[in-house]
Number of protein chains: 2
Amino acid sequence: MKQISSRFSVAVHILSLIAVSTKECTGDYIAGSVNTNPVIIRKIMGNLKKAGLVDVRPGVGGASLLKAPDEITLLDVYRAVDVVDEGQLFHVHDGPNPDCPVGGSIEAALRAEFAEAQAAMERRLEKTTLAQLAMQFKSSS
Amino acid sequence: MKQISSRFSVAVHILSLIAVSTKECTGDYIAGSVNTNPVIIRKIMGNLKKAGLVDVRPGVGGASLLKAPDEITLLDVYRAVDVVDEGQLFHVHDGPNPDCPVGGSIEAALRAEFAEAQAAMERRLEKTTLAQLAMQFKSSS
DNA sequence: CTCCGTTGTAACCATTTTAGTTACTTCCGT
DNA sequence: ACGGAAGTAACTAAAATGGTTACAACGGAG
């Protein structure tokens, strides 16, 4: 039973670290906190950069946020790391028999339902900002 | 980028077929409508049976519903086929560095957020019944 | 201007999961 | 008892993930 890639949670970790930490946030430093390989971090940083969430340049160490922590939602991160395609969280079996009353029309009906369920989840992600998460880290450190 | 198993959509297909069809619903007949292997159908039927949604016995052909179509929600099916573990839709990376302000507390915070997002999706699935879907098939056939 | 640390990528591997398939056993009504 | 149907184990092929090594490209400090 498969799960949504941990790229998402790692990305949130990265952004939180940049938001909270006073040190220089190099890929290797972040990798140490996340406990993974630096290349994994670089790949995800690439996603975050492409989405305009962070500034990171080759050669120079230390990433920084491009938006205020209270303007970055979990949905922004989720979209940035591209862990779930638009409307494709659920896999609808394809090629049902069109000669069958059910087979002919179930696909469209299911896609509509599933898209709504997925949208409900994404709306919930949109409600939480990086700032809200970061608050919890600071107070407990 | 991985999706939720098509077992879910196939299961909905199966139940819809049983609800709508007047014929005997044998595994092979269903497999023809879904366009897959009969064994796949049998496995999923096993899940549905375990969940108390359908009656199917070895030896005798033809499955039947154990609950009214308007009392079976998509959430019931989703749980029956066990495509997503309880609160585990998202994969939270494990083993973050506890000596880091973020690493120490991000795991719990993320799990809470993700559990809520997942719950939002599941609540949406709960709102649609098999009867609502079946209506669409009948009218278009 | 030349190092050296850092980022950007490509290539590759091990593991896990899924869907599908074959084969065989168990069950039941005719 | 026979035949059709469900139950199940075992295996395969394909895809995705996380991880790893290796190397090129970049930029600031000396």
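Worth knowing before you read on, the calculation uses all heavy atoms, side chains too, and leaves out hydrogens, waters and symmetry mates. Every chain is numbered from 1 and lettered A, B, ... according to where its sequence line falls, protein lines coming before strand lines.
Along DNA chain D, the stretch of nucleotides lying under 4.0 Å from any heavy atom of chain B spans, 5' to 3', D:dG4 to D:dT17.
The closest side-chain heavy-atom distance from A:I40 to A:N37 is below 4.5 Å. Counting only heavy atoms from C-beta outward, the side chains of B:V92 and B:I106 never approach each other to under 4.5 Å. For the pair A:N97/B:V34, no side-chain contact is recorded, criterion being any heavy-atom separation below 4.5 Å from C-beta on. For the pair B:E107 and B:P96, the minimum side-chain heavy-atom distance is below 4.5 Å.
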Requested in this report: Begin from the C-alpha positions of B:I4 and B:V84 and carry the test side chain to side chain contact (heavy atoms under 4.5 Å, CB included) through to its verdict.
Outcome: CA-CA 7 Å; B:I4 291 176; B:V84 174; 3.8 Å; yes

Report task. Apply the test side chain to side chain contact (heavy atoms under 4.5 Å, CB included) to residues B:L133 and B:L74: give CA-CA distance (whole Å), side-chain angles for both, the deciding distance (0.1 Å), then the verdict. Result -> CA-CA 10 Å; B:L133 284 178; B:L74 288 185; 3.9 Å; yes

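Between B:R79 atom CZ and B:D76 atom CG the span is 9.0 Å, to the nearest 0.5 Å.
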Nucleotide N/O of nucleotides 9-14 of chain C paired with protein N/O under 3.5 Å:
| unit_1 | atom_1 | unit_2 | atom_2 | d |
| --- | --- | --- | --- | --- |
| C:dT9 | O4 | A:R42 | NH1 | 3.3 |

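At whole-Å resolution of the value, NZ in A:K23 and P in C:dT6 are 14 Å apart. Put simply, OH on A:Y29 is 18 Å from C1' on C:dG5, counting in whole angstrom units. Going from atom CD1 of A:I44 over to atom P of C:dG8 covers 13 Å, rounded to whole Å. Distance, B:N47 CG to C:dA19 P: 12 Å, rounded to whole Å.
By the salt bridge (Lys or Arg N to Asp or Glu O under 4.0 Å) test, B:R123 pairs with no residue at all, sequence neighbours left out. Contacts of B:A68 classified as side chain to side chain contact (heavy atoms under 4.5 Å, CB included), with partners at least two apart in sequence or in another chain: B:D70, B:E71. With sequence neighbours left out, A:E126 forms a side chain to side chain contact (heavy atoms under 4.5 Å, CB included) with A:T73, A:L75.
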Please tabulate, for side-chain N and O atoms in residues 23-31 of chain A, each donor-acceptor pair with protein atoms closer than 3.5 Å (sequence neighbours left out).
| unit_1 | atom_1 | unit_2 | atom_2 | d |
| --- | --- | --- | --- | --- |
| A:T26 | OG1 | A:Y29 | N | 3.2 |

Between side-chain atoms of residues 114-121 of chain B and protein atoms elsewhere (two or more places apart, or another chain), which donor-acceptor pairs fall under 3.5 Å?
| unit_1 | atom_1 | unit_2 | atom_2 | d |
| --- | --- | --- | --- | --- |
| B:E116 | OE1 | A:R124 | NE | 3.1 |
| B:E116 | OE1 | A:R124 | NH2 | 3.0 |
| B:Q118 | OE1 | B:Q88 | N | 3.2 |
| B:Q118 | OE1 | B:L89 | N | 3.0 |
| B:Q118 | NE2 | B:D85 | O | 3.3 |
| B:Q118 | NE2 | B:E122 | OE2 | 2.9 |

Side-chain polar contacts of residues 54-66 of chain A - donor-acceptor pairs under 3.5 angstrom, sequence neighbours left out - could you list them?
none

Donor-acceptor pairs under 3.5 Å, side chain of residues 6-17 of chain B to any protein atom, not counting sequence neighbours: which ones?
| unit_1 | atom_1 | unit_2 | atom_2 | d |
| --- | --- | --- | --- | --- |
| B:R7 | NE | B:V81 | O | 3.4 |
| B:R7 | NH2 | B:V81 | O | 2.9 |
| B:R7 | NH2 | B:D82 | O | 3.3 |
| B:S9 | OG | A:H91 | O | 3.4 |
| B:S9 | OG | A:H93 | N | 3.0 |
| B:S9 | OG | A:H93 | ND1 | 2.8 |
| B:S9 | OG | B:S6 | O | 3.2 |
| B:H13 | ND1 | A:H93 | NE2 | 2.9 |
| B:H13 | NE2 | B:S33 | OG | 2.9 |
| B:S16 | OG | B:V12 | O | 2.7 |

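The stretch residues 51-65 of chain A comes close to DNA chain D through A:R57, A:P58, A:G59, each having a heavy atom under 4.0 Å from the strand. Contacts with DNA chain C (heavy atom under 4.0 Å) in residues 78-93 of chain B: none are found. Of the residues in residues 2-11 of chain B, those with a non-hydrogen atom less than 4.0 angstrom from any atom of DNA chain C are B:S5, B:S6, B:R7.
Among the protein residues, B:M45 comes within range of no part of the nucleic acid, since none of its heavy atoms lies under 4.0 Å from any strand.
Between B:N47 and B:A80, the shortest heavy-atom contact is CB-O, 3.4 Å.
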